[in-house]
Structure formats: C-alpha cells, structure tokens
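Okay, so here's the structure we're looking at.
Just so it is clear, the model here is predicted, and its values are computed rather than measured. Note that these values count all heavy atoms, side chains included, but never hydrogens, waters or copies made by symmetry. Lettering of chains follows the sequences in order, A, B, ..., and the numbering in each one begins at 1.
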Amino acid sequence: MKDGNLVIVESPAKAKTIGKFLGKEFLVKSSFGHIRDLSKKNLGIDIDNNYKPQYIVSSEKKKIVEELKKLSSEATTVWLASDEDREGEAIAWHLVETLKLDPAKAKRIVFHEITAEAIKKAISNPRYIDTNLVNAQQARRLLDRLVGFELSPLLWKKIKPALSAGRVQSVTVKLIVEREREINHFKTSSAFRITADFIIKGKGDKKYKLVAELDKRIRNKTDVLDLLGKLKSATFIVENVTKKSGKKSPSPPFTTSTLQQEAGRKLGFSVAQTMTLAQKLYEAGKITYMRTDSVNLSESALYSSAQLIQSQFGKEYLQTRRYKTKTKGAQEAHEAIRPAYMENSSISGSAPEKKLYDLIWKRTIASQMSDAITEKTVITISNSSSTEKFIASGEVIRFDGFLKVYMESSEEEEDETGKGLLPPITVKDNLPLEKIDAIEKYTTPPPRYSEASLVKKLEELGIGRPSTYAPTISTIQQRGYIIKEDRPGKNRNVVFITLENNLIKEIIKSETYGAEKAKLFPTDIGMIVNDFLEQYFTEIMNYNFTATVEEEFDQIAEGKMEWTKMIDRFYHTFHLKIKETETISEKTRGERILGTDPVSGKKVSVKIGRYGPLVQIGDASEKEKPRFASILKGQSIENITLEEALDLFKLPRNVGKMDGDEIVAGIGRFGPYLRLKNKFYSIPKTDDPLSVTLERAFEIIRAKQEQENNRIIKSFDTDPKIEILNGRYGPYISAGNKNYRLPKGIKPEEITSEEIMKIIAGSEKKNKKKK
DNA sequence: CAGTGAGCGAGCTTCCGCTTGACTT
C-alpha cells in the first residue's frame, strides 16, 4: 500500500472495479456488508441501560475484521466508501468503532456511479460520518430485534416451537392469508358475453371477418334467447367509425423488484433464481449492482444508449429519458440495474444468464427510446330489430418506437378483442351477419400471489428492501407459513348459444377453471399464526406499520428526534402487550368442530397436531382413545367439510386380492399408494384411493412391475457394480452407490466399460476442482 | 419412504438488512 490509502467498500466486485480506477496508490478492500450485529444471546439490547445495543463481530466476520484492522493501522488515510444510505452509513460507523479508527484519518466518501470521474470527485470531497443517519439505522435495527425476539417466543409458548414473527415476514404472510380468504368467500356469478361475426367482401375474392361485441353483458338466459330471436331477421348497419391516436411509453429501467417480476413472468424464474443469476452477472462485471431501488441511469449509460439507438434504429427512435423513483422509502444508493457496457447486446455464459442479460439489455435500451404511436379504431354497429349496439375495436401501431425491442408483460389475462387491424369500413355500410355467439362468462376472484406479484405488492407497501425480498419469501416457506405449489383446476358447465343460418342452438360445454401454477398458498399453521398476531398485535400487523415507523426513522435521520426515545415509546406499550398476551391468551391449536360422526355419534374436529393438521373423532378419555387421521394435501382446517373429514377414516382399505395376497389402498406422506406384500405402488393422479377398483389396481401394479423389469438397460460382466439403468430422468450410470449422468449423444445400449470409466474419472476431477 | 397424536421438562428455536461463499442435488 503506497502512500497509505485504504478504501473500504461493501462488495468485493465493487472493490475490484474501483481498484482499477484508483490505481496503485490506493488499496481497495471490501467489508462484505455489515461487519457486526446485535448479540444473539437474549435480546442483544440492554433495556435498563437506555437500550444500549450489544454489538458483536460474528465468527464468520472475524477474519475480515482482523485483516481490515491490520491494514488500517498501517494506513495514513482510511476512506470509508460504503453506500450512501442508512445501512451504508451504519457500516462505516461500525468500521470506525470496530477497527478503532483515529477520527483524523478516517474519511467518509460516497459515489453513486462507478466511473473514474465520480470516484475522484468523491475523494476530493470527503465528509464526516452522519451520526443522525447512523442512529436512524440503530433505531431500525433495534425495533426489528425487539419485535422479532419478543413475538417469536410468545408463538413458541402459545402455538408451537420454532415459529417466528417479524415486522416484514408477518405482514407478508398476512397478504397471502387475506387473499386466500377473499378467494374462498368470493361469490361467483355469470353473464353472457355476446359477439357477432360479420363477413365483409373486399376486392376480388378477398374476405374479411369483423368481430363485434355487444356493449353490455346479459345475465339472464331468457333475455339472451329473446335478443337472438329478434336479431334473426335483423340487418346490421355501421353507425359510426371513430379513429383515435394514442401512445405507449416504455417502462423505466429495472430495479430489483421489477427485474424479479419480469424475470418471473417472461422467463419463469423464481425470485431466488433471478437473484443468483444477477449476482453472477454482477461479479463478472456484466451488469451494475442488482440490489437497488433506483431507476436512475448514469450519464455515461445514457450517452452510450443514445449512440447505440441512433446507429442501430435511427434518430427517430431515440428519446433520452431521466426517470425519477416514486417508490415508498426508496434510498437510491445505486443506479438502476443495467448492462455495464451498453454496446454488448449479448454475453457469453450459461443459457439462463444469457436470457436474464438479454432482458436487462432490452429493458434499458427501450427506456431510452421513443413512444410507440398507436391508432385505435372503434366501429359502432346498430341493427334494425333492436336498440342494442355492437362495438368492434382494433388497434394498430403506426410507429413502433420502443416496442421494436421490448414489451412489458402482465400477469392479468389479456382481452381477446381490441387487437389488430380492422377491415376497411365506412359509415352506413351494410354488414352481412355470419353468426352470433353468446357465451356464459363467470366472474373471477382476485388472483393468488405468485412470488413476482408478491414482491410487487411488498414494494408498493414499502415493506422490505431490495436485499430482503428473496430471503423473506424463502423464510416464510421454511417456517411452513406458506407453500408454493400447483393446484389442478375444477370443471364447470358453460352455456353456449349460437345463432347461425337463422337457427338458434344451445349447447352445454365444460370448462376447467382455477388451475394454478407456482402460486403461493397459506398453510394451516400460517393462518393460525396470522390470526393470533392479528388478534393481539393489530398495530404491527397493520400494512402501514412500516411506513409509520419509517417516518420516525426519517425524523431521527434529520436530527429532529432522539432514537432511544422513539424506541422507548414503542417498546413501552409493545412489551406491556406481550406480557398481557402471555397471561390472557389460551394455547391455540386452531381447533374447528365439523359436526358429529353419523356412525358413532361422536364429535368430529380438526386442529394442528404434533405432526401437522389432523382430524379427530371423539375426545380423549380414560376409557377410549380418539381416532386420528392426517388431512390431505390441498385440504385445510379452514375449508375441510365433515364429509371430506369422514372420508379420511375410510383409508387404508382393502381393495381385493392378487394371487392370494391382499392389496391395500391408502394415503401416506408421499401421496396415495397401493400396498402389496409390503411393496408400495403410487396411485396416479387420475385415480383415487377411495374408489380405485381391483381391476385398475392390477393395472397400476403391473405397470410398475413392468417398469422395474426394464430398469436395467445394460450390465457388465467385468464389473457387476456398474449398470446402466432407466431412471426418472432417462438412462443413467449406476456404480456402487454413486450415480453419473450419461453424456449427450451416447446411446446407452452401446456404451463400453472403458467409456464409463472415463466418465467416472472425469466427474471425480470436476468435484476436486470445485473444492 | 408410506407413522404418528398424553404430559413433563431440558435445551433449542427467533428478527431485518448489508454482503458472499460453502454446501448438496
């Protein structure tokens, strides 16, 4: 370290790039985020000593702290270059405290973009640590600790061990619980959507189809039949044609939240997957920092985007835009997420990395392009038999603008009408009717959250930070409060009425609805914990709680409020409520009584048991033990009916005999099964263990036996331990207790033992390399 | 791999935000 300059930043990747800009006179090191935190023993807060925090360096941070201590003692100046936000300021302060830095040689600097110019400017404008901002962070930290470490033990006592609660996670669960209940209570209704198809003759043999929709929906079927009857003999005339031009603007560049949403919708990535991939791109220097709430682009990025757009698409596609962040509580310590070098429209790397990069590149470029110009045409059609109007609308793009590279997607279903070019039509044209369809359309309940839409909601409410969206979603899944899964749809009948060739026909069609893919569902324990917290801790469960305390943190940051006083005011009432709830609340297992068992006349109830939700018939008494059964996947304490509960006791059941041995059908931890001579055969989703016939059971068992007989594709006399087997994911090599993948292009029947040895040796090498 | 369900008590669990690996499949 020449001239004794030590620069400390938060991330090692940032340290690397800054190191290049600053040259050899500066040694740039990373703190890897926070270097110390509240002690985990007890609260880590000395309540009686004016909330004195007990900070300790955790074991995994000891090494880096020792290194920084040594380097800083040798340095003449230590530049604290953590992010310019509440957490960054606190990191700098903790460094001063822990490294015991002489205030004379510790200088605080900040920069928002990583360019040589910005960094040099920062170096020439150092400041002191902002104690108020640090105190705002301490208030945030202590509040979260107090809430988390006093609420969680209460749940252990009142509900079950190892549960958790916190300012962020508990309201996140609440969002999902409330949405599920909205869906359960939703009263669906239906009305007929009526569309008319007209055939329009163009030049020569050309024909166009024009689809128009009745300007309202009709609830009643007899009213629909009535209208269609009238329209049988009607003539249809174009009453009005209007054209209106409109425009569409691009979305701002990505923040963490919008990247997670779009990668989820467009690429099907989970929130955690997106973040892992983005981290890799960031470490490889391909994109800017991926945990950000800012939509700002650096001047140099604006410039290089503009160059690129002009040369690739032309001047008319360029519109330089500077976006402003509107998000609640945004701290904007970084730029938006963008390619590090705009001129790289693609990168090398794994397929998912490439896809994510492509998404980021397109979104960034599009954000600097001109609006798309559209033209919307609306045709109003009247008829001779009634006063009803049909409307046809279409939209065409007159100038594509940013749509040339990027189109944002949406989770809501798209309307089928209102798209594309309409045939050439003028007022008073007579339209020949082809047919009229009336389809029964049901109203739909609000959609369940996906990971992506949940993150969107959290950001809107100002709950959580870019660095916590992904971990929060995984925590509440780990605690068993929510589950991400697919659910099959249900069937229902739809009335479909057609008027064609002067005939009215009515048919009943079946449609599936409500099928879900990778959606978030609350579990029983999630709902029980949620209801408990809602009952006793209304303030913390309020969606505005974070926003309210954030206002106070801002006051502290501005020096208008003392942080310990804020904490004291909060803790005083909160702690009293904890103590009170400890005494007044009962231990809850979420019990619900379903009714009486018609056979025994005993009480049937559902509740949370030691191993999950269960149904119970009868109460525990000296004479008799109650009967128990676990509830099934997809069932819940809240929704299960008496009938469904009683069905659970019909299993396991004897299906019949196969070659003298009994076949038993049941449902275990891994789903429905058939058991024959202590061997298990999974029952496929198309069948039901309650109704599966003996004949069908034979089929299922034989299919599985057949599959097992075909399991061995090839074996070797030279080495009996090695076999080529047919597995769930295709053929693979089994050697002893280890499995290896077959390389692409090799036919499993033709592989030699030499080739296998090579594959095994190659895989061993790879493992060693990783270490 | 395909169960379980009493009560007691010891010892454990837990928060949010900053940051990466070190693990396994």
- Query: Is the count of non-hydrogen atoms from other residues, nucleotides or ligands lying under 6.0 Å from A:K587 atom NZ greater than 12?
  - Reply: yes
- B:dC18 phosphate, OP1 or OP2: any side-chain N/O from A:R86 under 4.0 angstrom? no
- Would you say the side chains of A:S467 and A:R291 form a donor-acceptor pair under 3.5 Å? no
- Task: Examine B:dT19: is either OP1 or OP2 under 4.0 Å from a nitrogen or oxygen in the side chain of A:S11? Give yes or no.
- Result: no
- Whichever of A:T472 and A:K41 has the more 5' nearest nucleotide on DNA chain B, that residue is A:K41
- Look at all strands and tell whether A:I35 reaches a base, only sugar-phosphate, or nothing, counting heavy atoms closer than 4.0 Å. nothing
- Respond yes when some side-chain nitrogen or oxygen of A:S152 is under 4.0 Å from OP1 or OP2 of B:dT13, and no when none is. no
- Task: Give a yes/no on whether any side-chain N or O of A:R479 is located under 4.0 angstrom from OP1 or OP2 of B:dT14.
- Result: yes
- A:A165 near the nucleic acid: base, sugar-phosphate alone, or nothing, with a heavy-atom cut-off under 4.0 Å? sugar-phosphate
- Relative to A:W93, does A:R141 satisfy both conditions: NZ or CZ under 6.0 angstrom from the six-membered ring centre, and within 45 degrees of the ring's axis? no
- Query: Which sits closer to the 5' end of DNA chain B, A:M290 or A:P613, going by the nucleotide each is nearest to?
  - Reply: A:P613
- Message: Classify A:G33 by what it touches in the nucleic acid, base, sugar-phosphate, or nothing, heavy-atom distance under 4.0 Å.
- Response: base
- Message: Does B:dC15 have its OP1 or OP2 closer than 4.0 Å to a side-chain nitrogen or oxygen of A:Q169?
- Response: yes
- Message: Classify A:Y681 by what it touches in the nucleic acid, base, sugar-phosphate, or nothing, heavy-atom distance under 4.0 Å.
- Response: nothing
- Is there a donor and acceptor pair, one atom on the side chain of A:R145 and one on the base of B:dC16, closer than 3.5 Å? no
- Query: Using a cut-off of 4.0 Å on non-hydrogen atoms, how would the nucleic acid contact of A:R465 be classed: base, sugar-phosphate, or nothing?
  - Reply: sugar-phosphate
- Message: Check this one for me: any side-chain N or O of A:Y481 less than 4.0 Å away from OP1 or OP2 of B:dT14?
- Response: no
- Item | side chain to side chain contact (heavy atoms under 4.5 Å, CB included) assessment of A:Q260 paired with A:Y469 | CA-CA 9 Å; A:Q260 288 171 350; A:Y469 296 135; 3.7 Å; yes
- Answer yes or no: side-chain N or O of A:R140 and base N or O of B:dC16 forming a donor-acceptor pair under 3.5 Å. yes
- Message: I'd like to check, for A:F149, whether its ring lies over the base of B:dT14 with centroids under 5.5 Å apart and a plane angle smaller than 30°.
- Response: yes
- Query: B:dG5 base to A:S630 side chain: any donor-acceptor pair below 3.5 Å?
  - Reply: yes
- Task: With heavy atoms under 4.0 Å as the rule, sort A:P652 into base, sugar-phosphate or nothing.
- Result: nothing
- Task: Indicate the ring-plane relationship of A:F545 and A:F570, choosing parallel, tilted or perpendicular according to the 30° and 60° boundaries.
- Result: tilted
- Message: So A:G464, base contact, sugar-phosphate only, or nothing? Heavy-atom distance under 4.0 Å.
- Response: sugar-phosphate
- Candidates B:dG17, B:dT20, B:dA6 - which lies nearest the side chain of A:E87: B:dG17
